[in-house]
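As structure tokens, the structure follows; a few thoughts come after it.
Numbers for residues simply follow the sequence, beginning at 1. Quantities reported herein were computed from a predicted structural model and do not represent experimental measurements.
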Amino acid sequence: MATSFKKPKICFFDSGIGGLTLLYECVRKLPCAEYVYFADNYNVPYGSLSEDKLLNKADGVFRQISLLKPSAAVIACNTVTARCAGYLRERYDFPILGIQPAIKPAAAAGSCAVLATPATADSWALKELAVRCGMGRTEVLPCPELALYIENNIYNIDKEKINALLPETRADSIVLGCTHYSFVKKHIEKYYSRPVFDGNLGTAEHLRTFLGNFDHQPENTGKIWFCGGDEKKNSHIFNNIETILK
């Protein structure tokens, strides 16, 4: 007799569409779970917000998340992870996982450059991660306009405009420090002609390990709800994400 388990409820939070790339990986790893995706598309980009505004916005969403009594919450925004994760973990009693740039695997193969929003690039959390995992060969490069361009033009990406927003670097590999950037990961890899890493797969693996043994069979697929921001846009992008990521 097959053992059945209660479906875990996992809440995601991102400033906009970027976290959908992480949600996609998590659904692939844990198809049985129920997901609630919170977004704030109308206030993108978070990378330009002050510390106080960022904390207020994140806390407001997590108050809503707390009402759902989630099995876990995932911060799908690198800026919110870097700036707010510690604060949120102190305030809420449910597990909170945060995405981080995949510096460790990138640095293991040589020098790497982390592309990030200005707020993430300037955060203590990213600087500490670069020191701890970067093996002394990691540079952090802010990309002030890239996330907003992707958010506003996801259905009509102009590769030449993306090129103009990418900084020059001689690093051996590129690390994506914003989940929005994962939508153009293949183009970034082609532009730099070197490997590109993001934190999506690692975070999905971490979530699966953290939640433990559930019935992850595809036939037990859970549901996905979209809350806040442009719900219609977020739902449509997620439902077509495999085509968009090609």
Side-chain angles (χ1 to χ4, degrees), residues 13-22 39-51 53-54 57 75-85 98-107 110-131 133-134 137-200 202-203 237 244-245:
F13 173 47
D14 185 59
S15 60
I17 66 173
L20 296 171
T21 63
L22 175 57
D40 191 21
N41 310 76
Y42 303 121
N43 290 295
V44 172
Y46 273 13
S48 60
L49 294 181
S50 68
E51 188 93 3
K53 287 185 178 180
L54 190 60
K57 285 186 175 296
I75 304 173
C77 172
N78 283 271
T79 297
V80 176
T81 298
R83 296 283 188 169
C84 307
I99 190 166
Q100 290 184 320
I103 292 176
K104 187 173 182 179
S111 62
C112 64
V114 183
L115 310 185
T117 66
T120 302
D122 192 47
S123 68
W124 175 88
L126 180 54
K127 292 175 182 176
E128 187 276 333
L129 181 66
V131 170
C133 300
R137 47 194 182 189
T138 300
E139 63 177 335
V140 178
L141 302 174
C143 302
E145 301 175 39
L146 184 55
L148 182 59
Y149 178 79
I150 294 168
E151 176 79 29
N152 290 340
N153 299 277
I154 187 61
Y155 294 119
N156 189 30
I157 296 290
D158 185 323
K159 294 180 180 179
E160 292 302 317
K161 290 185 178 179
I162 293 291
N163 292 349
L165 298 176
L166 295 174
E168 294 304 314
T169 177
R170 295 183 178 181
D172 297 320
S173 64
I174 306 298
V175 178
L176 304 184
C178 173
T179 48
H180 277 77
Y181 304 169
S182 293
F183 276 110
V184 292
K185 181 178 179 180
K186 290 184 178 179
H187 176 69
I188 292 174
E189 190 169 34
K190 183 178 180 180
Y191 176 79
Y192 288 110
S193 297
R194 61 203 74 176
V196 175
F197 297 79
D198 66 27
N200 288 346
T203 304
I237 290 173
I244 294 171
L245 290 174

Is a side-chain N or O of Arg137 found less than 3.5 angstrom from the main chain of Ala107, in a donor-acceptor match? yes
Would a distance-only check, ignoring hydrogens and angles, find a side-chain to backbone donor-acceptor pair under 3.5 Å from Asp122 to Pro118? no
Output for pair (Lys57 NZ, Asn43 CG), nearest 0.5 Å, gives 3.5 Å
For Ala121 and Lys127, the nearest pair of non-hydrogen atoms, with its separation, is O-CE, 4.0 Å
Go through the steps to decide whether Leu126 and Ile103 satisfy the test side chain to side chain contact (heavy atoms under 4.5 Å, CB included), and finish with yes or no. CA-CA 10 Å; Leu126 180 54; Ile103 292 176; 3.9 Å; yes
I'd like to check Phe197 versus Leu176 (side-chain heavy atoms, cut-off strictly below 4.5 Å). Are they in contact? no
Would you say Tyr192 and Leu166 make side-chain contact, with heavy atoms under 4.5 Å? yes
dist Leu165:CG -> Ile188:CD1 (nearest 0.5 Å) comes out at 10.0 Å
4.5 Å side-chain heavy-atom contact, Cys143 and Tyr181: yes
Which value, rounded to the nearest 0.5 Å, describes the distance between Leu54 atom CG and Ser123 atom OG? 10.5 Å
Evaluate Glu168 against Leu141 for side chain to side chain contact (heavy atoms under 4.5 Å, CB included), listing each step before the verdict. CA-CA 9 Å; Glu168 294 304 314; Leu141 302 174; over 6 Å; no
Closest heavy-atom pair and its distance - Pro195, Glu189: CA-OE2, 3.9 Å
Residue pair Ala106 / Val175: nearest heavy atoms and the distance that separates them: CB-CG2, 3.4 Å
Any donor-acceptor pair under 3.5 Å from Tyr149 side chain to Asp158 backbone: yes
Of all heavy-atom pairs linking Cys178 and Thr117, the shortest is SG-CG2, 4.2 Å
So, do Ile150 and Leu146 sit near enough that their side-chain heavy atoms are less than 4.5 Å apart? yes
Got His180 and Ser15 here, is their nearest side-chain heavy-atom distance under 4.5 Å? yes
In chain order, what residues pass the side chain to side chain donor-acceptor pair (under 3.5 Å) check against Thr81, with sequence neighbours excluded? none
Check step by step if side chain to side chain contact (heavy atoms under 4.5 Å, CB included) holds for Ile174 and Tyr191. CA-CA 11 Å; Ile174 306 298; Tyr191 176 79; over 6 Å; no
From Leu245 atom CG to Leu20 atom CG, the distance as rounded to the nearest 0.5 Å: 10.0 Å
Can you name the closest pair of heavy atoms from Ala39 and Gly16 and give their distance? CB-O, 3.9 Å
Does NZ in Lys104 sit with more than 12 non-hydrogen atoms of other residues, nucleotides or ligands closer than 6.0 Å? no
Would one find more than 12 heavy atoms of other residues, nucleotides or ligands at under 6.0 Å from atom CD of Glu145? no
Atom CG of Asp40 and atom SG of Cys77: how far apart are they, to the nearest 0.5 Å? 10.0 Å
Can you give me the closest heavy-atom contact between Arg194 and Thr169, atom names plus distance? NH1-O, 3.2 Å
First locate atom OG1 of Thr203, then atom CG of Asp198, and finally report the distance between them rounded to the nearest 0.5 Å. 8.5 Å
Can you confirm whether the side chains of Thr120 and Asn78 place a donor and an acceptor under 3.5 Å from each other? no
In the structure I gave you, are the side-chain heavy atoms of Thr179 and Asn200 within less than 4.5 Å of one another anywhere? yes
For the backbone of Ile17 and the side chain of Glu151, can you confirm whether one donor and one acceptor N or O come within less than 3.5 Å of each other? yes
Thr79 (side chain) donor-acceptor with Ala119 (main chain) under 3.5 angstrom: no
Non-hydrogen side-chain atoms of Tyr46 and Asp14 separated by less than 4.5 Å: no
Go through the structure and list residues passing side chain to side chain donor-acceptor pair (under 3.5 Å) with Asp172, not counting sequence neighbours. Ser111
